[in-house]
Amino acid sequence: MANSDFLDQLRAIVGDEYVIDHREDLLVYEYDGSVDRSMPRAVVLPANTDEVSRVMALAYEAGITVVGRGSGTGLSGGAITPPDGLQVAFPRMNQILEVDSVNRTALVEPGVINLDLDNYVRKFGMRYAPDPSSQRACSLGGNIAENAGGPHCLAYGATTNHVIGMEVVLEDGEVVYLGGQAREATGYDLRGAFVGSEGTFGIATSILVRLLPTPESVRTFLGIFPDIDSACTAVSAVIGYGIVPAALEMIDALSIKAVQNVTDAGYPNDAGAVLLIELEGLHEEVEEVTRDVESALWDTGAADVRIAEDDAERERLWVGRKTAFGAFGTIAPNYYLVDGVVPRTQLTQMLRKVSEVSERYGITIANVFHAGDGNLHPCMLFDAREPGVMESAMAAAAELMQECAALGGTLSGEHGIGLEKKEFMPLVYEDEDMAAMQRVREAFAPQNRLNPGKIFPDGSYYRPSPHPASHTAALYA
Amino acid sequence: MVELDELLGASGVLGSDQVGDYAIGPFVPMAAARPADTQEVSLVLEWAHRNNVAIYPVGGGTLKHLGNPPTRPGIALDMSRLNGMLDFQPADLTVHVQAGMTVEDLDSALAQDAKYVPLAPPLPGRATVGGTLATGISGPLRSTYGLPRDWLIGMTVVGPDGTISKCGGQVVKNVTGYDLNRLYTGSLGTLAVITDATFKITPAPIAWAAVVAAFESNQSAVSACHYLLAQPYAPHALHLLNPDAVRHLDVGQLPTGYGPAALAVVAGRPASVKRRTEDIALAWLGSASTLRIEGGEAIQLTESLADFPVNPIHPTSLCIRINAQPSALEQLMAMETTEIAGAHPAILADAGFGGGRLIWWNDVSQEDPVQLAQHLRDIQADAVASGGSAIVETCPPETKALVDVWGPDPSGMDIMRRIKRQFDPRGVLNPGRFVGGL
Amino acid sequence: MVESVDPRVEEVQHAGGGIDAGHGFPYGVPFEGSLNDGPGFVGPDAPTEADLYRCVHCGLCLSACPTYVETRLETESPRGRIALMKAVHEGRVGISDRLVSHWELCLQCRACEAVCPSGVPYGRLMEQTRAQVRDNNSQSPELSRLSQLFLRAALPHNNRLRLAGRLMRLYQKSGAQRLLRRSGALKALPVALGSMEAQMPVMGDRFFSPRSTVSTAHGEWRATVGLLSGCVMPMMHGDAMRAAVRVLQRNGCDVVTPTDQGCCGALNLHAGDLEVGRQMARRNIDAFRAAGVEFVITASAGCGSSMKEYGELLHDDPDYAASASEFADNTRDITEFLADLPLDPPQSEFNRRVTMQDPCHLAHAQRITEAPRKILRSIPGLQLVEMAESALCCGSAGFYSLIQRDMSQRLQGRKVGNALAAGADIIASANPGCMAQLDQGLRNAGSDMSVKHVVEILDAAYQLESP
């Protein structure tokens with residue numbers, strides 16, 4: 001089949017204006033939030049499951065690989081489409097189809113924005129708990145693919161804990177429902193296997209998610225510490241008090257500076273680190289735990305403990321946290337983020353390693369992360385225009401991932417492996433472990449046509465090389 | 001069997017004369033292997049794979065009847081010797097145990113440090129961690145605490161050819177590679193044998209309480225439940241029992257002689273437990289009768305709820321687990337009029353989670369197996385039609401031979417078959433027992 | 001199998017050997033060459049690398065962008081537009097009609113800038129990009145025509161503007177418009193002209209004119225301020241301008257409106273006409289410096305936003321760099337100024353329900369959202385009700401509504417819908433373009449809700465005070 005015939009058939013399925021194939025337009029579909037980029041053959045914007053199914057069947061027939069794309073905010077290259085591949089994007093499938101307040105569920109299309117769903121269901125006294133920092137832009141379909149996390153998954157679990165069932169389209173266009181309407185379904189937990197499969201098993205076209213009641217009371221603390229070590233000790237102390245807060249985040253001095261450069265989040269400029277802690281529940285519950293949280297923070301050397309006085313202040317504290325990565329743009333033009341996880345008790349050790357690596361490589365590293373569950377985000381800040389610095393950053397990242405693995409941790413807590421970390425998989429998994437994973441992929445997608453080249457080590461990337469004219473192409477980060 | 005003796009030592013293998021305890025209904029395995037560690041599990045499986053012998057893994061045996069009848073001769077794989085604690089990190093809120101450890105042993109080890117993992121299978125004194133995961137069984141607090149799979153963060157498994165592999169890890173948050181933890185959980189040992197598991201854990205609730213209320217009718221009970229679940233002070237578990245179920249629950253002072261009883265369990269810090277119980281009792285003030293239960297008795301009540309379907313004091317002859325949405329609560333309660341062998345079922349519904357169990361304690365083997373099988377298929381079809389499913393957990397062997405206890409093939413059956421083929425092409429593991437004859 | 005799009009990819013796959021067919025693209029294989037033969041960015045006013053690469057394509061801007069929210073297309077998003085700028089900068093593509101169409105659909109509302117965690121100066125990047133487009137004669141014919149007509153021929157010239165305004169007022173008030181509209185003769189006009197007629201701003205009954213005398217402070221003197229008269233605002237919203245003078249006087253200010261001031265140049269700058277924009281800036285700097293005022297006040301958010309950026313605009317101009325920067329530092333939006341004074345709250349009751357529409361150039365470009373609300377809340381009896389998406393652009397955006405009619409109307413409809421749903425009597429705004437757009441949207445929707453500048457509402461409340 002000639003490419004033009006293929007595109008004509010695509011247009012016949014979705015309509016002329018919903019196939020993007022002009023290469024000047026495709027320039028904006030070659031990236032996501034990560035370092036890699038690659039221009040797809042075309043982008044198709046289906047309107048419903050039937051169109052997705054027909055598009056997939058057509059691509060399957062033609063031997064073309066398919067990659068799903070939500071909002072392109074992913075940080076591991078999950079939506080980067082191989083040069084010959086077809087990208088399927090969901091701007092037209094963005095309806096909240098149903099909210100059921102008895103069963104506390106919502107049925108949504110994959111293009112629905114995470115925060116839009118949460119805002120919508122709050123009208124009914126419910127919430128959608130997973131709240132990735134990109135929640136005002138990222139889509140539910142992407143959340144499913146990556147098993148997205150967020151600060152509040154400390155208490156409520158990641159996306160997988162909130163998906164009851166979904167309709168998915170397999171590589172050959174077959175439409176299958178995974179999971180059930182009820183919380184438990186019969187047979188293998190295909191739903192559980194699918195969530196977090198990074199788009200390699202199928203494409204979700206409608207999703208039944210679980211909603212939680214909104215808490216009666218929310219209290220947000222800002223614990224201010226002279227240094228990282230004492231903040232780490234405080235994290236352990238909070239857990240030691242028998243408290244699992246709704247969220248427990250750490251922001252180091254450099255990140256505070258970056259955030260405060262852009263917006264006044266209310267973080268003190270002279271702090272060595274701050275902890276952002278949120279409690280949710282009944283008034284009495286929150287009141288009772290507040291005393292323990294305060295003790296835990298003061299006992300471990302907090303310079304100050306503040307409690308957000310109103311929603312506006314609470315909002316401000318969170319805006320700072322949730323925009324921190326972007327704010328690194330004020331310090332250096334490029335960042336490379338490691339999403340490693342270590343057991344909570346290894347946080348101090350790990351952060352010492354981070355600072356040692358930072359010094360040895362001469363690369364600035366900022367830390368803003370989900371301390372409560374040991375999910376670090378050491379973020380290397382650099383200017384890729386300096387010769388060799390990109391390579392140094394990668395080498396430093398590799399060392400950090402090795403350290404995470406050595407401390408009993410893992411490579412990714414919530415961003416996924418994608419292109420970015422696939423070569424590091426052998427740090428945590430043996431060949432047999434990965435072979436078992438590949439068997440599941442074989443069962444879902446025997447021809448490996450969906451988002452190939454991700455997750456498992458194969459030596460290929462789509463990283464732009466320095467551009468001869470301006471030496472700036474590698475700046476994408 | 002000689003070779004197996006060589007692999008495990010004579011004490012690690014039980015001959016055909018000693019395998020009565022491992023019978024699965026009328027099916028009796030040829031022998032039972034009792035490996036001491038993962039390596040020995042691997043040796044057994046490698047041996048079985050080579051000799052084309054089927055393997056029937058077993059933990060505490062509390063749910064060994066679950067599933068369709070075995071389809072091939074084979075040996076039982078008794079995991080109970082793998083019962084060690086591998087690692088317990090209270091400060092990390094993680095625990096790593098071997099699969100054959102009983103849930104009670106796990107619970108008491110955690111309790112030493114005021115920690116808790118809400119697995120809560122029936123009969124935790126016998127039920128093992130591995131068995132709980134393999135069967136996908138869950139406890140009465142499932143609606144707010146989640147299912148065991150939600151607490152599982154890593155495991156080691158042995159594949160049917162003896163290959164040892166692991167998935168997940170030791171950390172509480174992990175998206176590195178595919179989530180095989182969830183695939184193995186509830187797969188009834190048909191893909192791999194679990195040899196150890198790591199859980200995230202949580203601070204143990206300091207206080208427990210329960211509020212029980214008896215209602216005039218199913219309708220008033222159901223609407224009271226839906227109302228309560230929408231309140232900020234909603235309980236951590238809310239179950240609805242028909243009068244027959246109330247009579248059989250091992251807690252003396254529950255109100256009987258009325259209609260259905262709703263049972264709300266709360267756990268947590270004292271102030272929260274107090275507020276919830278008070279508000280719940282207030283909300284139910286209008287009902288026929290309420291009763292507040294505190295502390296140890298509330299824990300005991302919760303355990304009784306877990307043990308209910310398999311309580312050896314009341315041997316069950318037919319038990320059907322219904323998976324359904326919470327909105328189907330009234331239809332579920334209406335099933336109490338279903339008559340089998342001249343008796344109506346006790347019903348234990350989980351109002352918060354949806355679904356529940358129908359239990360007949362009378363001897364349903366009096367019923368014609370063909371007719372009973374048809375009856376069960378009808379119930380399963382109805383359940384599927386309303387977006388759920390019905391699993392026959394216990395039934396007489398004559399009937400079991402005539403019905404797929406898992407019901408009609410679920411959506412995604414083709415993928416499930418392909419998964420089984422990928423993992424266990426020779427059908428070594430628990431052959432024939434799972435969904436669709438997997 | 002479908003043929004490979006890019007022959008080089010095929011080669012790589014074959015060379016790669018071990019990689020599965022279909023997705024080989026090993027590390028380091030660059031995307032070479034330009035996609036077209038269009039021109040690149042050149043000259044000192046080109047978007048800078050420092051600005052461009054501050055964008056780390058995190059995507060957090062997406063949901064703030066009105067055109068993305070409406071289309072959900074990456075090409076119509078801030079991140080996408082910057083990616084296209086980067087691609088031009090890197091020589092991967094030249095300026096083409098297609099790229100220009102994506103850039104021109106941008107409203108320059110700068111909502112993205114306000115939410116950008118990296119602090120990307122999007123407004124500056126877009127102005128510089130449009131300047132490059134303009135210099136290459138690559139503008140769309142619609143924008144090009146408008147540029148000729150208004151940006152260079154009318155806006156810089158006060159007298160020509162006033163003449164046009166009077167003619168329009170005559171056309172509107174004399175009944176000629178009604179007559180022509182009813183006759184259907186307008187349908188015979190070319191589409192673009194017809195659209196312009198429909199979008200024609202409604203002229204006020206009385207124009208506001210700068211004057212050489214000082215409007216003196218009432219009560220205790222607190223400051224001497226200069227008030228920007230501007231271009232269309234004194235003609236369309238003369239009442240608002242007079243209200244502005246009165247509330248300033250009422251709050252102890254001597255108000256000067258220098259006669260030799262002119263349009264602030266914002267529209268020229270947005271369209272990429274930096275050269276004329278700079279001339280207009282210099283004229284205003286001179287005019288207000290000569291008037292000897294402490295603060296330069298504007299009642300137009302769009303003007304304030306540009307005037308606060310005069311320092312940047314003229315930083316390479318040896319004669320004006322310092323005074324431009326001083327001018328920018330002393331510029332205040334009238335709501336900002338009054339809220340900071342702080343204002344003397346009215347003593348009367350003004351019992352109306354008011355909803356605030358945040359003008360983009362106030363909320364996003366100047367990050368002012370609290371000041372107008374503070375003023376409204378200070379009015380006894382006034383009930384402030386918030387509308388949904390109050391900071392999402394109304395689609396006015398200067399000349400945007402004339403060039404991008406479809407998108408402009410979609411956003412207008414969305415905004416009016418949100419305003420009506422809020423159930424207010426009055427929409428408060430702080431920018432002439434928004435006020436005209438909202439007014440027209442309300443009329444189309446058959447609503448009798450009115451649109452007023454925040455200072456008009458404040459003035460009305462002061463008027464009710466017993467003497």
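- Contacts of B/F423 with chain A are made by both backbone and side-chain atoms, with heavy-atom separations under 4.5 Å.
- Here B/Q325 is the residue among B/R418, B/Q170, B/Q325 with the most heavy-atom pairs under 4.5 Å with chain A.
- Considering only heavy-atom pairs separated by less than 4.5 Å from chain B, the leading option among A/V168, A/T200, A/T186, A/I239 is A/T186.
- For A/H415, the part lying under 4.5 angstrom from a heavy atom of chain B is the backbone only.
- For a residue to count as touching a neighbouring chain, one of its non-hydrogen atoms must lie under 4.5 Å from one of that chain's; by this rule A/E287 does not touch chain B.
- Ionic pairing of A/E288 and B/K274 is not present here: no N-O contact between side-chain nitrogen and carboxylate oxygen is shorter than 4.0 angstrom.
- Minimum heavy-atom separation, A/G409 to B/V171: CA-CG1, 3.8 Å.
- Residue B/R421 does not touch chain A at all, counting heavy-atom pairs closer than 4.5 Å.
- Ranked by heavy-atom pairs under 4.5 Å with chain B, the list A/L178, A/L154, A/V440 is led by A/V440.
- Interatomic distance, CG of B/D279 versus CD of A/E284, reported as 7.5 Å (0.5 Å rounding).
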Next on the checklist: Let's go through A/D339 and B/K173 carefully: what are the C-alpha distance in whole Å and the side-chain angles of both, what is the deciding distance for side chain to side chain contact (heavy atoms under 4.5 Å, CB included) to 0.1 Å, and is it a yes or a no?
Outcome noted: CA-CA 11 Å; A/D339 179 37; B/K173 198 173 171 196; over 6 Å; no
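- The part of A/V342 that comes within reach of chain B is its backbone (N, CA, C, O), which places non-hydrogen atoms under 4.5 angstrom from that chain.
- Under the 4.0 Å criterion applied to side-chain N and carboxylate O atoms, A/R183 and B/D350 are not assigned as salt-bridge partners.
- A salt bridge does not link B/R149 with A/E184: every distance from a Lys NZ or Arg NE/NH1/NH2 to an Asp or Glu carboxylate oxygen is 4.0 Å or more.
- Of the listed residues B/V273, B/T202, B/T190, the one with more heavy-atom pairs under 4.5 angstrom with chain A than any other is B/T190.
- Of the listed residues B/L229, B/T163, B/L183, B/N323, the one with more heavy-atom pairs under 4.5 angstrom with chain A than any other is B/N323.
- Side chain of B/T176 to backbone of A/S412: a donor-acceptor contact under 3.5 angstrom is found.
- Neither the backbone nor the side chain of A/A158 comes within contact range of chain B; no heavy atoms are under 4.5 Å apart.
- In terms of heavy-atom pairs under 4.5 Å with chain A, the best-connected choice from B/G388, B/S389, B/S327 is B/S327.
- Of the residues B/R275, B/R276, B/R269, the one that meets the salt bridge (charged side-chain N to carboxylate O under 4.0 Å, His left out) test with A/E285 is B/R276.
- Looking only at distances, no side-chain donor or acceptor of A/D433 sits under 3.5 Å from a matching main-chain atom of B/C167.
- Here the OG atom belonging to B/S143 is positioned 8.0 Å from the CZ atom belonging to A/R104, to the nearest 0.5 angstrom.
- Formation of a donor-acceptor pair under 3.5 Å by the A/Y188 side chain with backbone atoms of B/I415 is not found in this model.
- Looking at B/V175, both its backbone and its side chain come within 4.5 Å of chain A, counting heavy atoms on both sides.
- Counting heavy-atom pairs under 4.5 Å between each of B/G146, B/G177, B/G169 and chain A puts B/G177 at the top.
- Per-residue counts of heavy-atom pairs under 4.5 Å with chain B were compared for A/N375, A/V244, A/L170, A/V428; the largest is that of A/N375.
- Note on A/E216, A/E174, A/E432: by heavy-atom pairs under 4.5 Å with chain B, the leading option is A/E216.
- Using a 4.5 Å cut-off between heavy atoms, A/I164 does not touch chain B at all.
- Interface remark: of the candidates A/D189, A/L411, A/I417, A/D189 forms the most heavy-atom pairs closer than 4.5 Å to chain B.
- Of the inter-residue distances, the one linking B/K166 atom NZ with A/E430 atom CD reads 5.0 Å to the nearest 0.5 angstrom.
- Taken to the nearest 0.5 Å, the CD atom of B/Q89 stands 5.5 Å off from the OG1 atom of A/T345.
- Put simply, CG on B/D179 and CE on A/M437 are 9.0 Å apart, with the number rounded to the nearest 0.5 Å.
- Checking side-chain atoms of A/T410 against main-chain N and O of B/N174 turns up no donor-acceptor pair under 3.5 Å.
- No part of B/S386 comes within reach of chain A, as not one of its non-hydrogen atoms sits under 4.5 angstrom from that chain.
- Between chain B and the residues A/V195, A/V176, A/V286, A/T160, the most heavy-atom pairs under 4.5 angstrom are made by A/T160.
- Heavy atoms of A/M425 lying under 4.5 Å from chain B belong exclusively to its side chain.
- Contacts between A/I455 and chain B at a heavy-atom distance below 4.5 Å involve the side chain alone, from C-beta outward.
- Of the atoms belonging to B/L188, not a single heavy atom falls under 4.5 Å from chain A.
- The candidate with the highest count of non-hydrogen atom pairs below 4.5 Å against chain A, out of B/H226, B/M416, B/K420, is B/M416.
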Next on the checklist: Pair A/Q438, B/Q422 - check side chain to side chain contact (heavy atoms under 4.5 Å, CB included), show working.
Outcome noted: CA-CA 9 Å; A/Q438 288 282 25; B/Q422 284 288 329; over 6 Å; no
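- With a 4.5 angstrom heavy-atom cutoff, A/F194 does not touch chain B via any of its atoms.
- Interface residue B/A324: only backbone heavy atoms are found under 4.5 Å from chain A.
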